[in-house]
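Report on the following structure.
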Amino acid sequence: MKNPILPEKAGDPCILKHGEDYYMSATGGGSSPGREFVCWHSTDLQHWSAPRTILDFRDIPWAQEKAWAPAMVESGGYFYLAFCADQQIGIAVCDQPAGTYRDVIGAPLIAKTDYDFQTIDPAFIKDDEGNVYFAFGQGKCMISQISLSPHHVELRGEMRCLSDTIYSQFSHHPSLEDKSIYNEAPDFIRIGDRYLFSWAIYDVMDYRYAMRYAWSRHPMGPYILPLDFDHDNILLQGRHGITGCGHACVTEYQGEYYILYGRHRKDRTAGWGRDMCCEKITFLDRDHLLAVPSELDSGEEYRQTP
């Protein structure tokens with residue numbers, strides 16, 4: 001992979017794989033930062049289309065700003081976009097992955113007053129039966145099953161805190177928040193007979209921003225960290241001046257797995273704007289994974305498709 005993969009500045013990506021097509025949305029990348037979501041299309045994770053606006057806050061009365069960290073999923077022939085607005089989470093729907101989405105319920109699904117932590121960073125995961133699960137949260141990670149239709153959205157059944165079990169594996173009480181254990185940006189993907197849960201540690205402004213991971217047989221966990229004397233459970237972190245490698249998503253391409261993420265430039269020439277990058281994941285063994293951030297292509301030849 002040659003990085004960055006986009007000419008636009010963006011971070012916090014999500015990926016929807018639909019057949020042989022890949023649709024990516026993110027924080028930023030459009031002409032109205034903080035007030036819209038755009039989508040890029042690719043068939044190989046390297047060549048991406050120009051961004052297309054798929055959700056505009058001018059069409060959502062309750063949403064004003066802070067268009068952050070979307071998530072996408074297909075269910076029942078429709079495509080759903082979970083999106084952050086004003087530190088709340090809404091759900092929008094469309095009949096095509098890169099079309100114009102509309103707000104389903106006309107209000108936040110998760111309001112910022114519903115929990116004692118910041119209610120941002122949604123994520124979806126589907127099981128083999130087509131059931132959809134929904135996770136979210138900064139500081140904590142909550143998950144439950146979700147029912148999706150073009151006219152109604154409902155969280156169903158048990159609500160579980162995944163980050164509590166992550167803390168327990170470090171012998172650390174979750175009431176004593178430690179961003180080196182869990183901070184934000186949950187992401188899920190089925191690999192073989194297990195689910196990979198990855199998340200960001202530290203803060204997006206912190207040079208140590210990185211990704212941890214754990215495994216489970218069920219979308220709702222418990223997720224077990226592959227910790228031992230020879231490995232930490234760090235999936236991706238900066239190196240040699242490359243910083244801020246966090247808030248990522250994992251996808252499959254031709255039998256291999258890749259991680260897409262935003263990161264900061266060494267010299268901060270773009271301020272806090274992030275370059276969108278993609279790296280191949282190496283399986284060190286069945287449980288341990290690693291992706292190494294590569295240098296940016298010095299020629300910056302962006303391979304954007306029409």
Side-chain angles (χ1 to χ4, degrees), residues 10 12-32 34-42 49 51-112 114 119-137 142-157 159 185-190 219 249 251:
D12 313 334
C14 68
I15 284 280
L16 171 69
K17 182 181 180 184
H18 184 60
E20 299 302 314
D21 296 287
Y22 297 83
Y23 299 90
M24 178 170 64
S25 190
T27 299
S31 59
S32 300
R35 293 179 173 83
E36 68 173 351
F37 290 97
V38 301
C39 183
W40 297 265
H41 170 255
S42 176
S49 69
R52 182 188 188 282
T53 299
I54 58 173
L55 186 69
D56 192 318
F57 280 5
R58 289 177 294 183
D59 301 323
I60 305 175
W62 63 267
Q64 301 298 318
E65 58 181 3
K66 298 180 180 178
W68 297 341
M72 304 174 79
V73 72
E74 182 277 328
S75 180
Y78 290 89
F79 300 89
Y80 295 89
L81 179 78
F83 62 95
C84 296
D86 305 305
Q87 296 168 264
Q88 306 182 99
I89 299 174
I91 303 290
V93 66
C94 188
D95 60 3
Q96 53 185 311
T100 301
Y101 285 72
R102 64 168 179 83
D103 185 14
V104 176
I105 59 178
L109 174 68
I110 306 290
K112 59 184 174 183
D114 288 348
T119 49
I120 60 172
D121 292 0
F124 291 112
I125 182 65
K126 288 174 68 174
D127 65 18
D128 286 343
E129 288 72 45
N131 300 309
V132 182
Y133 299 82
F134 179 74
F136 63 94
M142 309 301 294
I143 190 169
S144 76
Q145 196 168 335
I146 188 170
S147 175
L148 296 167
S149 82
H151 305 289
H152 182 71
V153 177
E154 182 181 6
L155 298 174
R156 298 173 50 198
M159 179 72 74
D187 181 70
F188 301 84
I189 186 172
R190 178 72 177 263
C249 63
T251 193

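Both backbone and side-chain heavy atoms feed into the values below; hydrogens, waters and symmetry mates do not. Everything quoted here is computed from the prediction, not taken from an experiment.
The two residues T27 and A67 make their nearest non-hydrogen contact at CG2-O, 3.8 Å. I143 and P219 make their closest contact through CD1-O, 3.4 Å (heavy atoms, listed as atom of the first residue, atom of the second, distance). Nearest approach of S25 to P70, heavy atoms of both residues: OG-CG, 3.5 Å. Closest heavy-atom contact between V38 and G28: CG2-O, 3.8 Å.
For the pair S31 and E36, the minimum side-chain heavy-atom distance is below 4.5 Å. In this structure, the side chains of D103 and V93 stay at 4.5 Å or more apart for every pair of heavy atoms. At a threshold of 4.5 Å between non-hydrogen side-chain atoms, the residues R156 and N131 do not count as touching. No side-chain heavy atom of I120 sits less than 4.5 Å from a side-chain heavy atom of I89. C39 places none of its side-chain heavy atoms less than 4.5 Å from the side chain of P51. With a 4.5 Å cut-off on side-chain heavy atoms, I105 and I91 do not count as touching. Counting only heavy atoms from C-beta outward, the side chains of H151 and V104 never approach each other to under 4.5 Å.
Among E65, K112, K66, the single residue meeting the side chain to side chain donor-acceptor pair (under 3.5 Å) criterion with Q87 is K66. The one candidate from W62, Y101, F124, F136 that meets the ring-ring contact (aromatic ring centres under 6.0 Å, His included) condition with F83 is W62.
Within the model, atoms CE of M142 and CG of D114 stand 11.0 Å from one another, a figure rounded to the nearest 0.5 Å. With values rounded to the nearest 0.5 angstrom, R102 atom CZ is found 11.5 Å from I60 atom CD1. Atom-to-atom distance recorded for L81:CG and C14:SG is 6.5 Å, nearest 0.5 angstrom. The distance from atom CZ of F134 to atom CD1 of I110, rounded to the nearest 0.5 Å, is 5.5 Å. How far CE of M72 is from SG of C94: 9.0 Å, rounded to the nearest 0.5 Å.
The closest donor-acceptor contact from the side chain of Q64 to the backbone of P61 lies under 3.5 Å. A distance-only check finds no donor-acceptor pair linking the side chain of S75 to the backbone of L148 [under 3.5 Å]. When atom types are taken as modelled, the side chain of S32 and the backbone of R35 share no donor-acceptor pair closer than 3.5 angstrom. Listed for the T251 side chain is no donor-acceptor partner under 3.5 Å among the backbone atoms of I15.
Evaluation of the salt bridge (charged side-chain N to carboxylate O under 4.0 Å, His left out) test over residues 69-98, restricted to residues two or more places apart or in two chains, returns E74-K126.
Ring geometry for F57 against F37 counts as perpendicular: the plane angle is over 60°, on a 0 to 90° scale with 30° as the lower cut.
Side-chain polar atoms of E154 and S147 form no donor-acceptor pair below 3.5 angstrom. W68 and D121 share no side-chain donor-acceptor pair at under 3.5 Å.
Between D128 and R190 there is a salt bridge, with a side-chain nitrogen of the basic residue lying less than 4.0 Å from a carboxylate oxygen of the acidic one.
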